[in-house]
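Structure first, then comments.
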Amino acid sequence: MPKIDYYFSTISPYTYLAGPRFRAICEAHGAEVNVKPFDIVGMFPRTGGKPLAERHPSRQAYRLVDLERQGKKAGLPIHVQPAHFPTNAAPSSYAIIAAAKAGGGDILSLVQGILAACWAEEKNIAEDDVIKACLADAGFDPSLADTGLFTGAEVYGRNLEDAINAGVFGAPFFIVDDTEKFWGQDRLEDLDLFLKGDL
């Protein structure tokens, strides 16, 4: 059974676009997924990247066009400039960390639900009510949003360090069995081929 460390940010539109295809790949190959939400804004200056607002206007403009295209390609609704972006990704990340530890629900559905709340439904995923609704929809106890905040903060910080040490520099990022790395929703085909043994 392959093990995939799944590094992502809950405010990453490309992570949202990757969600259904990544899930299908994991199910097809019986992969064990270790969800690792991390602070992507804190990563940029440490890995040679720039926050969105600091990128050249041509890059910012192209990103919007690309998101529109990729949303159509993936068959997913997307607001390329949602009402609540950027927002604080920490609370939703803490909830995912708490849910992964508690079990009892569908962790990939929770991740995708939070991402969809931001990018498809234009909700503020930093708000407790939004996070609790996502937890409930994925089969988790909504009160997990109120518990384990200290542990969540600790793991969230550690995930960033793990990511940097593992060579991660963006989201989504997939590492198979601690060695093979795939960055971006546009590399899911490569991930699938690798797991098939064809790459």
Side-chain angles (χ1 to χ4, degrees), residues 4-29 31 33-41 43 49 51-52 55 59-93 95-96 99-100 105-127 129-140 168-176 181-196:
I4 302 176
D5 287 332
Y6 179 27
Y7 288 94
F8 62 89
S9 167
T10 58
I11 57 170
S12 161
Y14 289 103
T15 301
Y16 164 62
L17 294 172
R21 286 176 294 160
F22 177 58
R23 182 189 189 98
I25 290 168
C26 291
E27 290 177 350
H29 298 285
V33 180
N34 182 24
V35 295
K36 295 178 78 76
F38 70 94
D39 178 9
I40 196 166
V41 177
M43 166 173 281
L52 181 59
R55 296 174 194 169
R59 290 178 176 267
Q60 294 189 42
Y62 183 82
R63 173 183 171 276
L64 298 179
V65 173
D66 187 55
L67 286 174
E68 189 78 39
R69 290 174 181 158
Q70 296 302 319
K72 290 177 181 177
K73 188 176 177 182
L76 292 174
I78 186 169
H79 295 278
V80 297
Q81 293 180 297
H84 301 285
F85 176 83
T87 191
N88 183 2
S92 57
S93 299
I96 290 168
D106 186 328
I107 195 67
L108 290 182
S109 288
L110 174 60
V111 173
Q112 190 65 12
I114 288 171
L115 289 158
C118 176
W119 293 99
E121 301 164 18
E122 295 196 279
K123 296 177 180 177
N124 187 352
I125 61 167
E127 294 180 353
D129 288 348
V130 174
I131 295 169
K132 288 179 178 179
C134 291
L135 283 162
D137 288 346
F140 292 100
V168 174
F169 48 82
F173 210 104
F174 316 97
I175 302 180
V176 181
K181 302 171 186 177
F182 302 87
W183 171 48
Q185 55 86 30
D186 55 345
R187 292 297 181 267
L188 285 170
E189 181 182 1
D190 292 351
L191 172 63
D192 188 31
L193 288 170
F194 176 78
L195 293 173
K196 288 177 180 176

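- Shown here for I131 and S92, the closest heavy-atom pair between the two residues is CD1-N, 3.6 Å.
- Across all their heavy atoms, A90 and N88 have their closest contact at N-OD1, 3.0 Å.
- In E27, the CD atom is crowded: over 12 heavy atoms of neighbouring residues, nucleotides or ligands sit closer than 6.0 Å.
- Here the OG1-CZ distance, from T87 to F85, works out to 9.5 Å after rounding to the nearest 0.5 Å.
- Residues L76 and P20 are in side-chain contact: their nearest non-hydrogen atoms beyond the backbone lie under 4.5 Å apart.
- To the nearest 0.5 Å, atoms OH (Y7) and CD1 (I40) are separated by 13.5 Å.
- The 12-atom threshold is exceeded at CG of D186, counting heavy atoms of other residues, nucleotides or ligands nearer than 6.0 Å.
- The line from CG of L193 to CZ of R187 is 12.0 Å long, rounded to the nearest 0.5 Å.
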| task | Assess whether side chain to side chain contact (heavy atoms under 4.5 Å, CB included) is satisfied between K36 and V168, documenting all intermediate values. | result | CA-CA 11 Å; K36 295 178 78 76; V168 174; over 6 Å; no
| Verdict with reasoning, H29 to K196, per side chain to side chain contact (heavy atoms under 4.5 Å, CB included) | CA-CA 8 Å; H29 298 285; K196 288 177 180 176; 3.4 Å; yes
| said: Run the side chain to side chain contact (heavy atoms under 4.5 Å, CB included) test on Q185 and Q70 for me, step by step, so that the C-alpha distance in whole Å, both residues' side-chain angles and the decisive distance to 0.1 Å come before the verdict. | reply: CA-CA 9 Å; Q185 55 86 30; Q70 296 302 319; 3.5 Å; yes
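- Aromatic rings from F173 and F182 are positioned such that their centres are separated by 6.0 Å or more.
- For the atom pair CD1 (I125) and OG (S93), the distance works out to 7.5 Å, reported to the nearest 0.5 Å.
- Of the candidates Y6, F22, W183, Y6 is the only one forming a side chain to side chain contact (heavy atoms under 4.5 Å, CB included) with P172.
- Side chains of D106 and R23 form a contact here, defined as non-hydrogen atoms less than 4.5 Å apart.
- Note that CZ of F38 and OG1 of T10 are 10.5 Å apart. Values are rounded to the nearest 0.5 Å.
- By the 4.5 Å heavy-atom criterion applied to side chains, E121 and P77 are not counted as neighbours.
- Heavy atoms only, all atoms of each residue included: I4 and A31 are closest at CD1-CB, 3.8 Å.
- More than 12 heavy atoms of other residues, nucleotides or ligands shown are found within 6.0 angstrom of CD on E122.
- The side-chain heavy atoms of Q112 and Y16, taken from C-beta on, include a pair separated by under 4.5 Å.
- Minimum interatomic distance between P13 and R63 (heavy atoms only, all atoms of both residues): CG-NH2, 3.7 Å.
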| request: Please report the C-alpha distance between I96 and I114 in whole Å, then the side-chain angles of each, then the deciding distance to 0.1 Å, and finally whether the side chain to side chain contact (heavy atoms under 4.5 Å, CB included) criterion is met. | output: CA-CA 9 Å; I96 290 168; I114 288 171; 3.8 Å; yes
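- Distance check, rounded to the nearest 0.5 Å: CZ of R69 to CG of L17 gives 14.0 Å.
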